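This report refers to the structure that appears directly beneath it.
Predicted model only: the values in this text are computed from it and were never measured. Letters go in sequence order (proteins before strands), and every chain restarts at 1.
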Amino acid sequence: MRSQSKSWSIALISLGLLFCLSIYFLSVDVPQDKDSAWYERAFFSMAGKFQSGARTVSDKVVGTVDAYFFLVAVKKENRDLKNQIHQLEQKNLLFKELLRQNKVLRELHGLQEKVAWTTLTARVIGHSPRAEFRLMTIDRGETHGVRRGMPIISSKGLVGQVYRIGDRSSQVLLLTDPTSAIDVRIEPSGARGLMMGRVKSLTIDRSYYVSAIEFILKKYLIKMGADVVTSGLDGVFPEGIPVGFVSQITQDDDQVVQEAEVIPAADLMTLREVIVVTAWKNQ
Amino acid sequence: MRIFFTFLFLGSVFHLLQTTWLQLWPSPSLRIEFVWICVLYLGFFHNFMKSSFTAVGLGFITDLFSSPFLGFYASSYLLIIIFLRIFIAHIFIETLWSKLLWVGVLSLAAFFIEWLLFLLVGREQGIQNFILTHAIPQTLMNTACAMIVLPFLGRLEKILYRELYVN
């Protein structure tokens, strides 16, 4: 009887310690410049391999089905794409000329290159299994030079930042996650604010996670559809990356500040490839 | 120990499925929470020690896969197990329908606990909208999911350990 109550006491104490440990982990704030803990790395290295394998299998199956069913449309698509390439080549020539002119003018004015980025392409191999948080996993990790806090972008705009790193995979905190905070600027007014992730309303058929910019001074006139870019002042993201556009503005007569809702430029749930900005220089 | 490792393995497999092939199914804003149903199954049919330690293990795995805070789901699952095991003798869970009712009630209770934990980390504003808009639909989704997963887990345990817990 006594030994049974003793084992119960030990179990209860260890459970209490586990609960305290959970609360401690929950409360502790990991500094931005610190890398993930060893157990997180080990876990991600292991889980990343399975996720990457599952994604490869899935891509191959989908690719085979696509190749079989959509072969008919390939000829027409090929013709359209050739036309697009032709148009883009013409545009490219124009941009090259503009770039050359820009370089000459910069040299004349003694200015340095404004932005210089070093990037790395990564494949999205998984998303968060819970709807509360917005995280995704990419197939690039510590061995590829990825570090905690590195910005993640897509061809459309900002995606988020690296949150946990493993050996060959990393977890990205998306900009729509409720715990994400990004210093942004609204163009062309120049209004600055802190953008936080938010769920707008329940929509079954599509993802409708937005971000909200809080504490914008009322003196700034913000228009619907205005572009939102990173300010670069938080030290995490380079300046001028497109984030999204303003979809709603909320003003309260009693408040000295206003709030704007932002729809992200990139469709975060359907991304297949992203770019990790491993180094940058803002002037 | 066998229950602990079996459910940890099952939880990892379910998470891998959810993060890869089922990542947008049925919708990005509504998910099938297999692991949550596993936690409730443990609370319904296993004693306090087995269910609590296994639930904490499953919580830590969920945290690593889907939460920016380590310990978020571990605390939430543990609190739900404590609550469930205190009242287990007083609630009726003999039929599948009564189990589904309690899955719904406990899913709502879990949302409340999540909100309290968010208060702790000072980010309650971000989750408030989520709870307001998603609590009821996600609860219904969990209940529907439990209709299949609870009997499946029961059968699995019967096959593995020759013990039948669920009808």
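With a 4.5 Å cut-off on non-hydrogen atoms, A:I125 touches chain B through its backbone but not through its side chain. Interface residue B:Y73: only side-chain heavy atoms are found under 4.5 Å from chain A. In this structure, chain A has no heavy atom under 4.5 Å from any part of B:S12. Using a 4.5 Å cut-off between heavy atoms, B:L79 touches chain A through its side chain atoms alone. Using a 4.5 Å cut-off between heavy atoms, B:L16 touches chain A through its side chain atoms alone.
Between B:F118 and A:T179, some side-chain heavy-atom pair lies under the 4.5 Å cut-off.
The minimum heavy-atom distance between B:P68 and A:L173, with the atom names listed, is CG-CD1, 3.9 Å. Residues B:H15 and A:P129 come closest through the heavy atom pair ND1-CG, 3.4 Å.
Paired with B:S66 under the rule side-chain contact (heavy atoms from CB on, under 4.5 Å), one option of A:Q171, A:R134, A:R130, A:H127 passes, and it is A:R130.
Expressed to the nearest 0.5 Å, how far CZ of B:F65 lies from OG1 of A:T137 amounts to 7.5 Å.
More than 12 heavy atoms of other residues, nucleotides or ligands lie within 6.0 Å of CZ in B:F92, so this atom counts as buried by the packing criterion. Counting heavy atoms of neighbouring residues, nucleotides and ligands inside a 6.0 Å radius, atom CZ of A:R168 does not exceed 12 of them.
Heavy-atom proximity under 4.5 angstrom to chain A picks out B:F53, B:V56, B:F60, B:I61 from residues 53-61 of chain B.
Counting heavy-atom pairs under 4.5 Å between each of B:Q138, B:E33, B:E114 and chain A puts B:E33 at the top.
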